[in-house]
Amino acid sequence: MYLETIEKTNDIKKIDKANREALAEEIRKFLIEKISVTGGHLGSNLGAVELTMALHLSLNLPEDKIIWDVGHQAYTHKILTGRKDGFDTLRKFQGMSGFPKRKESDCDVFETGHSSTSISAGLGLVKARDIRGEKYTVVSVIGDGSLTGGMAYEALNNASKLETNFIVILNDNNMSISENVGGVSKYLNNIRTATGYLDLKKGIFNALQGTKMGNKSINGIRKAKSSFKQLVIPGMFFEDMGLTYLGPVDGHDISAMMKVISDAKRVEGPVLIHVLTQKGKGYTPAERHPARFHGAEPFEIETGLPLHARTEPNYTDVFSTIMCKLGQRDEKVCAITAAMPDGTGLKRFRNMYPDRFFDVGIAEEHAVTFAAGLAAGGMKPIVAIYSSFLQRAYDQMIHDVCLQDLPVVFAIDRAGLVGSDGETHQGIFDLTYLSGIPNMHVCAPKNMWELSDMMKFAVALEKPIAIRYPRGNAYSGLKDHRAPIELGKAEWIYTEQEIALFAVGSMVKTAEVVREALKAKGYSVSLVNARFVKPIDEEAIVTASKTHKLIVSMEENVASGGFGEKVLDTITKKELPVAFVNISIPDAYVEHGNVEILKQKIGIDAESIIAKICQMMEKIDKA
């Protein structure tokens, strides 16, 4: 009823104060109904409903600016800025993004998708505002999980110098994707229960009033108060950094939130509002299982169970199994993740070998250098991080791992197209950014069996090595093709003539389909499982050039710096008499959508590849 009146930005201000709670419940019901169909980030959004409403009531958008850290909790913000009709196409191809997008609304001032960036971006907007003599309010909303990332503290340190207003809201729900870890989490837990300071101060002052010691004692206590505050007052950590601390405040109390935001806007300097919320609030399955409902697949509302139960193992499941076996066989094997033990498949390893499992929080840079230290100390660290998040630790891979040639294994999940999360999460750059690093070795398995073999090979290699594998069901085909893995050696699966398909990892499955279609057209086709992108198997390319008219490289990575460029470099350098086609992702950011649709759009699906090869073969035959 009230939600229907929200058609554009600032319409919420027309809702009577007495009806705000009803609107909040309508928004929650709307989100549950829509996300149960499309999938999406449910828990974080249910927890941020009143917080978002309070911001929209307290600010004047789009003149004022809100930066949502990560951005997966911005669904209510999208509703309140007139985009509720877009939820039917949420995260679908050419539909509404699950993250803030500047092209969607002028109220989405900064695009986010990775954590710990909002304070830096907000500070930049504040300085731009001040330089240009403008007067708007800037608010960065960051979760306590994101606050475990070092970039947030770099920004807070820099923000402490401000002499103009900048508001940081710490949305504290005691969860990132999985349960928070480390000292920051413990500190915030202490703040949640630290009401004793105010009660103690009030009691002491009341007791001294009217006694002989009187004002003299009270003044003495006031002088000592600063030292006492360092020990017990909530927020002194932030105060000591130069920020004014306000809170904790109930993030589900709209009036209380509006009051503290109003107070914060009057501060001439940086101010941090500490807000306590409950992830998944209002939906019992999400409250009980916040990790499961961080990024939910379509589900049944009554039970919270997925609509489409998985019947086949995915690559993460396979990795999980082999990690437990490796841990059992070798006491030096240890595992590191950056706040994602569930998502990376390390939960079982953690339960079996807790002393050799390390969750460092949302701190990919630290994870990699920490792994380098473990390796230098004689351990065999395996770092499990999604492809798009490993980008954040590029310097550490170069400087701390590969420069010292330390035996760190990088298990890179979600490599290639991941689909609905879009540009910020597509793992389409790792072959490029990894293969340019000296001493790094890069490989990709064709199926579930080869992932297991590659993990065993990687641990035994005692060199820096990265294994990239995709999201989704693990391919179980080609089980009989399981030649021993040799460093830098490709695997010839089918050896024929005329056309040679060199496929990397997940593209081997596609290459099988392409091969069968080409053979039906009368072509003779070889299929080579590249296995290694670095070092590339130049000998296999030379061999193929002697017996084939055309070499085709196939990869789920951007063209620039990818496998295809390395194949072409070999052909050019050795002056090989063979034509070449590079099947890869164009040098562009790929939007959200179903993976199969995205493959068709960018031309790496089987049908598009077949058409390109046939076109090239026609040119070759005419020459």
Side-chain angles (χ1 to χ4, degrees), residues 39-41 70-72 91 97-99 112-115 176-178 291-292 294-297 310 312-320 322-323 335-347 359 362 364 367-368 382-394 397 409-434 442-448 450-451 454-455 466-475 504-507 509-510 533 555-558 562 585 589-599 602 604:
H41 293 92
V70 183
H72 61 300
R91 293 160 33 102
S97 170
F99 296 88
T112 49
H114 293 185
S115 72
S176 50
I177 295 174
S178 299
R292 186 199 304 170
H294 171 76
E297 298 296 325
R310 282 198 294 116
E312 300 178 25
N314 59 30
Y315 280 100
T316 306
D317 296 330
V318 175
F319 171 74
S320 177
I322 188 59
M323 279 298 297
I336 302 101
T337 184
M340 298 190 71
D342 295 323
T344 58
L346 288 176
K347 186 175 181 179
D359 184 348
I362 303 179
E364 292 84 2
V368 172
I382 298 170
V383 182
I385 296 178
Y386 290 3
S387 173
S388 62
F389 298 152
L390 187 60
Q391 297 164 179
R392 298 157 67 90
Y394 189 60
M397 287 188 287
V409 177
F410 295 93
I412 307 175
D413 203 335
R414 279 24 174 212
L417 296 170
V418 299
S420 301
D421 282 336
E423 295 97 326
T424 57
H425 286 65
Q426 310 284 16
I428 58 176
F429 304 104
D430 52 75
L431 294 183
T432 299
Y433 69 71
L434 289 168
V442 185
C443 54
K446 67 178 181 291
N447 58 20
M448 60 190 298
E450 196 162 75
L451 173 57
M454 281 187 173
M455 285 298 301
I467 304 172
R468 58 111 69 172
Y469 45 94
R471 182 180 189 177
N473 290 341
Y475 183 45
V504 176
S506 61
M507 292 300 284
K509 179 181 178 181
T510 304
V533 174
E555 63 187 306
E556 207 169 321
N557 189 83
V558 292
I585 297 172
Y589 297 102
V590 180
E591 65 176 294
H592 55 276
N594 175 274
V595 170
E596 297 308 314
I597 294 175
L598 294 177
K599 286 182 177 181
I602 59 183
I604 64 169

Contacts of D430 that satisfy salt bridge (Lys or Arg N to Asp or Glu O under 4.0 Å) - sequence neighbours left out: R468

Is the backbone N or O of N447 less than 3.5 Å from a side-chain atom of E450, with the two atoms forming a donor-acceptor pair by type? no

Is there a side chain to side chain contact (heavy atoms under 4.5 Å, CB included) between L598 and I604? Walk through the geometry before answering. CA-CA 9 Å; L598 294 177; I604 64 169; over 6 Å; no

Who passes salt bridge (Lys or Arg N to Asp or Glu O under 4.0 Å) against E591, sequence neighbours left out? none

Look at the side chain of H114 and the backbone N and O of T424, then say whether any donor-acceptor pair between them is shorter than 3.5 Å. yes

Are the side chains of D317 and R310 in touch, meaning some heavy atoms are under 4.5 Å apart? yes

Value for CD1 (I362) from OG1 (T337), rounded to nearest 0.5 Å, stands at 10.5 Å

So, using side chain to side chain donor-acceptor pair (under 3.5 Å) as the criterion, who are the partners of S506 when residues are at least two apart? E556

Is the backbone of G345 close enough, under 3.5 Å, to the side chain of S320 for a donor and an acceptor to pair up by distance? yes

Once side-chain contact (heavy atoms from CB on, under 4.5 Å) is applied, do any residues pair with A466, and if so which ones, sequence neighbours excluded? F410, I412, L434, M440

When rounded to the nearest 0.5 Å, the distance separating CD of E297 from CZ of R292 is 12.5 Å

Taking the inter-plane angle between the rings of Y433 and Y394 on a 0 to 90° scale, is it parallel (under 30°), tilted (30 to 60°) or perpendicular (over 60°)? perpendicular

Side chain to side chain donor-acceptor pair (under 3.5 Å) partners of Y315, counting only residues at least two apart: none

Checking Y589 now: which residues fulfil side-chain contact (heavy atoms from CB on, under 4.5 Å) with it, not counting sequence neighbours? E423, F429

Mind checking what makes side chain to side chain donor-acceptor pair (under 3.5 Å) contact with R414, not counting sequence neighbours? T316, Y386

I would like to know whether M455 and V318 meet side chain to side chain contact (heavy atoms under 4.5 Å, CB included); could you show each step before the answer? CA-CA 10 Å; M455 285 298 301; V318 175; over 6 Å; no

Please find the pair of heavy atoms, one from A411 and one from I382, that lie closest to each other, and give the distance. CB-CG2, 4.2 Å

Residues V533, N557; criterion side chain to side chain contact (heavy atoms under 4.5 Å, CB included); working and verdict: CA-CA 11 Å; V533 174; N557 189 83; over 6 Å; no

Kindly write out the residues that satisfy side-chain contact (heavy atoms from CB on, under 4.5 Å) with K509, not counting sequence neighbours, or none if the list is empty. Y475

With heavy-atom distances below 4.5 Å as the criterion, would you say the side chains of V442 and L431 are in contact? yes

Taking side chain as C-beta onward, heavy atoms only, is I385 less than 4.5 Å from R392? no

Just how far is it from atom CD1 of I428 to atom CD1 of I602, taken to the nearest 0.5 Å? 7.0 Å

Ion pair check, R91 and D421, cut-off under 4.0 Å: yes

Using the side-chain contact (heavy atoms from CB on, under 4.5 Å) criterion, which residues pair with E596? Sequence neighbours excluded. N594, K599

How close do V504 and A444 get, counting heavy atoms only, and between which atoms? CG1-CB, 3.9 Å

Which heavy atom of P470 sits nearest a heavy atom of D413, and at what distance? O-OD1, 4.0 Å

Show the numbers, then the answer: is there a side chain to side chain contact (heavy atoms under 4.5 Å, CB included) between Y469 and M454? CA-CA 11 Å; Y469 45 94; M454 281 187 173; over 6 Å; no

Exam field: side chain D359 to backbone A339, donor-acceptor pair closer than 3.5 Å: yes

Which residues satisfy the side chain to side chain donor-acceptor pair (under 3.5 Å) test with E555, sequence neighbours excluded? none

Mind checking what makes ring-ring contact (aromatic ring centres under 6.0 Å, His included) contact with H592, not counting sequence neighbours? none

Atom of I467, atom of P445 and distance for their closest heavy-atom approach: CG2-CD, 4.0 Å

Can you tell me how far CD1 of I585 sits from OG1 of T432, rounded to the nearest 0.5 angstrom? 9.5 Å

Looking only at heavy atoms, what is the nearest atom pair of S387 and G427, with distance? OG-CA, 3.4 Å

Roughly how far, to the nearest 0.5 Å, is CD of E312 from CE of M448? 9.0 Å

